[in-house]
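In listed order, ligands and their atoms are each counted from 1. In this chain, residues are counted from 1 in sequence order.
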Amino acid sequence: MGFFQDMLSMFKKRELALIASNKEADGVYTFLFEKDKDLNWQPGQYGLFTITHKKVKNPTKPFSIASAPAENAIRLTMRISDAPSEFKQAMLELKPGMTVKMSGPVGAFSLQDNSPSLLIAGGIGITPIRAIVKQIESEGNRNGRHIQLLYLDSQKSFPYREELDVIADRASIRITYLDSRDGLNAEIVKFAGAHKDSGKYFVAGPKGMVDSIADYLQKNQIPKSNIKKDAFFGY
Ligand SMILES: Cc1cc2nc3c(=O)[nH]c(=O)nc-3n(C[C@H](O)[C@H](O)[C@H](O)COP(=O)(O)OP(=O)(O)OC[C@H]3O[C@@H](n4cnc5c(N)ncnc54)[C@H](O)[C@@H]3O)c2cc1C
């Protein structure tokens, strides 16, 4: 989506009703909301979500939509610590039928062509990437694109791991689970060596991690134009 489409969709606010919530892993929670018929998004995009059932400090925050449109629901997955922000405390209070507001979708973190693609998720950065691989699963990896996912989680909790393994089988996506930057760097070097300038790189996660992985890619002669970043500020 372009800048003007993003601007337009930012003005449109809609209410989303909670269907269910669940604990995804330690300190990670998922919220599933009903999807309006006219709401569509590109896997990898995000929305701005506003708490409306009570007054909270900073009531609006960006979250990636972790579902593909074919799933017919808006899925948010977020890290929630033992001492969460007012926003996240309010999220945990939501009961089915209660609503939040959403504007968007916006963002340009999406696969666009058939290039060999390396998806790199740092921790909670798995959210936009889950949406992307779910979409590939539902469409079928028809063009036999080479898609590889490197999933780095120093806590080794890997939210969505079981589901990702099933998708990987069905959609011919190779997934490597890693708990160290050294391991990640070694996999990046292998992929970059095999695909040279034709490879595209998609990096999602907390901003510090995304920036440092992008720096590493560039140090390894990956052109900046082949790197797409989805940096979660706020962590
Ligand atoms: C495009 C985009 C997409 C995003 N998508 C997601 C997503 O899918 N899921 C998601 O969880 N977040 C996502 N974020 C980040 C999200 O918007 C919040 O900024 C983030 O979750 C922090 O939320 P919070 O401030 O409510 O606080 P909390 O997480 O409750 O944190 C409260 C305070 O503690 C600090 N803090 C939190 N964790 C730590 C830590 N480990 N060490 C030190 N300090 C810490 C925070 O900086 C904050 O000041 C996205 C951000 C962007 C820009």
Heavy-atom distance from [atom] to the protein below 4.0 Å?
atom	answer
atom 49 (O) of ligand 1	no
atom 33 (C) of ligand 1	no
atom 36 (N) of ligand 1	no
atom 41 (N) of ligand 1	no
atom 4 (C) of ligand 1	yes
atom 45 (C) of ligand 1	no

Are any of the heavy atoms in Ala231 under 4.0 Å away from ligand 1?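 So Ala231 counts as touching ligand 1.
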Per-residue contact class, [X] against ligand 1 - non-hydrogen pairs under 4.0 Å:
X	result
Met78	both
Thr77	backbone
Tyr46	side chain

Tell me the protein heavy atom at minimum distance from [atom], and give that distance in Å.
atom	value
atom 47 (O) of ligand 1	Gly234 O, 3.2 Å
atom 11 (O) of ligand 1	Tyr235 OH, 2.4 Å
atom 29 (O) of ligand 1	Lys88 NZ, 2.8 Å
atom 25 (O) of ligand 1	Lys61 NZ, 2.8 Å
atom 8 (O) of ligand 1	Thr127 OG1, 2.8 Å
atom 6 (C) of ligand 1	Phe232 CE2, 3.3 Å
atom 18 (C) of ligand 1	Phe233 O, 4.1 Å
atom 27 (O) of ligand 1	Ser85 OG, 3.4 Å

Judged by atom type as modelled, is there a donor-acceptor pair below 3.5 Å linking the side chain of Asn226 to the main-chain atoms of Tyr201?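 Flag not set: sc Asn226 to bb Tyr201 has no pair under 3.5 Å.
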Going by atom types only, do [X] and [Y] share a side-chain donor-acceptor pair under 3.5 Å?
X	Y	answer
Arg181	Ser212	yes
Ser180	Asp182	no
Thr77	Thr30	yes

Is it true that atom [atom1] of [X] has more than 12 heavy atoms of other residues, nucleotides or ligands lying nearer than 6.0 Å?
X	atom1	answer
Lys156	NZ	no
Asp26	CG	no
Lys88	NZ	yes

Could you tell me, atom by atom, which parts of ligand 1 come under 4.0 Å of a heavy atom of Ile124?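 Listed by number with element, the hits are 9 (N), 10 (C), 11 (O).
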May I ask you to check whether Phe31 and Phe49 place their ring centers less than 6.0 Å from one another?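 Ring centroids of Phe31 and Phe49 are no less than 6.0 Å from each other.
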Nitrogen or oxygen atoms of Asp230 and ligand 1 under 3.5 Å apart: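 Between Asp230 and ligand 1, no N or O pair is found under 3.5 Å apart.
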Looking at Tyr177, is Arg161 sitting on its ring face, NZ or CZ under 6.0 Å from the six-membered ring centre and within 45 degrees of the normal?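 Geometry flag: set, cation within 6.0 Å and 45°.
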